[in-house]
2 protein chains.
Amino acid sequence: MISVDAFDLKILSALQDDGRLTNQELADLAGLSASQCSRRRMRLEEEKVIAGYHADLSSEALGFGVIAFIQVGLATHSPDNSKRFRALVNRIDEIQEAYSLTGDADYVLKAVLRDLKGLSDLVNDVLMPHQSVAHVRSSIVLDRLKESSKLPLKEINPG
Amino acid sequence: MISVDAFDLKILSALQDDGRLTNQELADLAGLSASQCSRRRMRLEEEKVIAGYHADLSSEALGFGVIAFIQVGLATHSPDNSKRFRALVNRIDEIQEAYSLTGDADYVLKAVLRDLKGLSDLVNDVLMPHQSVAHVRSSIVLDRLKESSKLPLKEINPG
DNA sequence: TGGGACGCGCAAGGAGCGTGCAAACGGGAC
DNA sequence: GTCCCGTTTGCACGCTCCTTGCGCGTCCCA
């Protein structure tokens, strides 16, 4: 595995919280010089430990009122069919996340929509009629307790 | 609602893809000057349309091999009990996302763990024994088709 | 038709970035 | 213990990038 020491972890952790931190700010947090932070950051980017940087937009401010989890069962489990389903999922921007799972459903999708009509359109006009899909069950998010994509870096022992 | 024009949408969309874009790069993409992009970006940050910037770290590179969705049913639905549960969720870093949902389960959690033992520890030693929790069902992610937090900005009409 | 508000690009001063360099550190071999 | 070599560090410098002030053009409404 890629070797990541305590300084790297501090840098990663800080950048996870604020992706636009200056090398100097990073330096103050990590107890290094700014140039070292620059070098380490570049290395972590090259090694793809840092996969990218993204702005986190407010769904409320932009009028996306509905988040839903959609459980999908496929019609058949042939390779062709799951390929069709994956292609479908990929071209729908409203679907933020999609996973195949152990358990009852074959897939779980997380979708972000402007309103319930948007969800209805997605489920009834796009997913349900698609040839790859057998059944669909959607659950609407009532409350977001927590929503981040931060990794629990404290679980990692430096080395 | 906050007014967002076509230039803002281009800026937001670009920053969603790459949160470290330079004002000059933003300017080239949006067809504006760098100074205007700087001003618009600052406004969007002040209005909390841009909630923040985050580095996206590679879970594979850092050795997080297991993602799981955990459905939780509460013991009782009293305000005190859900408060206890929320406090629990908040202090567990392995839980990235947590939502209350319509449908069967009261809550769904998305957790990131180093290995299956980590999941077992979380479910059996932390969640199950907690007084607020009645039952727990976890599903392990077999494959990630898609994993982002990008909003479908093309759904928004500028104005 | 005039005036105010707004949004624009330009330019300049200042902050931030990254490469070169030399010094400090650390671990093996002897 | 000590010598050697690879690695990591801080500093300095040239360059890019950021942001604020300013003047100009445009639009809207009186």
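We name chains A, B, ... by the order of the sequence lines, and we start the count at 1 in each one. Below, all heavy atoms of this structure are taken into account, side chains as well, without hydrogens, waters or symmetry copies.
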Asks: With sequence neighbours excluded, what pairs up with A:Lys117 under the side chain to side chain contact (heavy atoms under 4.5 Å, CB included) test?
Replies: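 So A:Lys117 forms a side chain to side chain contact (heavy atoms under 4.5 Å, CB included) with A:Asp115, A:Asp121.
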Asks: Quickly work out the A:Met42 CE to D:dT9 P distance and round it to whole Å.
Replies: 14 Å
Asks: Could you work out which one of D:dT9, C:dG16, C:dG18 sits closest to the side chain of A:Thr22?
Replies: C:dG16
Asks: Would you mind writing out the side-chain donor-acceptor pairs for residues 125-136 of chain B within the sub-3.5 Å range, not counting sequence neighbours?
Replies:
from     : atom 1 : to       : atom 2 : distance (Å)
B:His130 : ND1    : B:Ser132 : N      : 3.3
B:His130 : ND1    : B:Ser132 : OG     : 2.7

Asks: Is any NZ, NE, NH1 or NH2 atom of the basic residue among B:Arg144 and A:Glu97 found under 4.0 Å from an Asp or Glu carboxylate oxygen of the other?
Replies: no
Asks: Listed in order of residue number, which residues of residues 24-38 of chain B have a non-hydrogen atom at under 4.0 Å from DNA chain D?
Replies: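 Residues of residues 24-38 of chain B under 4.0 Å from DNA chain D: B:Gln24, B:Ser35, B:Ser38.
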Asks: Given D:dT9, is OP1 or OP2 found less than 4.0 Å from the side-chain N or O atoms of A:Arg40?
Replies: yes
Asks: If you link ILVMFWY side chains whenever their heavy atoms are less than 4.5 Å apart, which other residues fall into the same cluster as B:Phe69? By chain and number, please.
Replies: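 For the cluster that includes B:Phe69, the remaining residues are A:Ile67, A:Phe69, A:Tyr99, A:Leu101, A:Val108, A:Val141, B:Ile67, B:Tyr99, B:Leu101, B:Val108, B:Val141.
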Asks: Kindly write out the residues that satisfy side chain to side chain contact (heavy atoms under 4.5 Å, CB included) with B:Ser58, not counting sequence neighbours, or none if the list is empty.
Replies: B:Glu60, B:Ala61
Asks: Give one of base, sugar-phosphate or nothing for A:Arg43, where a contact means two heavy atoms less than 4.0 Å apart.
Replies: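 Counting heavy atoms under 4.0 Å across all strands, no contact is made by A:Arg43.
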Asks: Counting side-chain heavy atoms from C-beta on, which of D:dC11, D:dG21, C:dG18 comes nearest to A:Arg39?
Replies: D:dC11
Asks: Side chain of B:Asn23, heavy atoms from C-beta onward: which of D:dT19, D:dT9, D:dG21 has the nearest atom to it?
Replies: D:dT19
Asks: Sequence neighbours excluded, which residues qualify as side chain to side chain contact (heavy atoms under 4.5 Å, CB included) partners of B:Lys146?
Replies: A:Val89, A:Asn90, A:Ile95, A:Ala98
Asks: Check this for me: does the side-chain of A:Arg41 come within 3.5 Å of the base of C:dG18 through a donor and an acceptor?
Replies: no
Asks: Between A:Asp8 and A:Arg41, is there a salt bridge with N-O shorter than 4.0 Å?
Replies: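 Result for this pair is no, no salt bridge flagged.
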Asks: What residues, two or more places apart in sequence or in another chain, satisfy salt bridge (charged side-chain N to carboxylate O under 4.0 Å, His left out) together with A:Arg137?
Replies: B:Asp104
Asks: Tracing side-chain links under 4.5 Å among I, L, V, M, F, W and Y, which residues wind up in one group with A:Leu142?
Replies: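 Its cluster partners, ordered by chain and number, are none at all.
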Asks: Test: ring-ring contact (aromatic ring centres under 6.0 Å, His included). Region: residues 30-55 of chain B. Which pairs qualify, not counting sequence neighbours?
Replies: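 Found none.
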Asks: Could you list the residues that satisfy side chain to side chain contact (heavy atoms under 4.5 Å, CB included) with A:Asp143, not counting sequence neighbours?
Replies: A:Leu145, B:Arg86, B:Ser100
Asks: How large an angle, rounded to 10°, do the end axes of the helix from C:dT1-D:dA30 to C:dC30-D:dG1 enclose when each is built from five base pairs?
Replies: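 What I find for the helix from C:dT1-D:dA30 to C:dC30-D:dG1 is an axis angle of 30°.
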Asks: Any residue in residues 9-21 of chain B with a heavy atom nearer than 4.0 angstrom to DNA chain D? Just list them by number, or reply none.
Replies: none
Asks: Rounding to a whole Å, what distance do you find between A:Phe7:CZ and D:dT8:P?
Replies: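 From A:Phe7 CZ to D:dT8 P: 12 Å.
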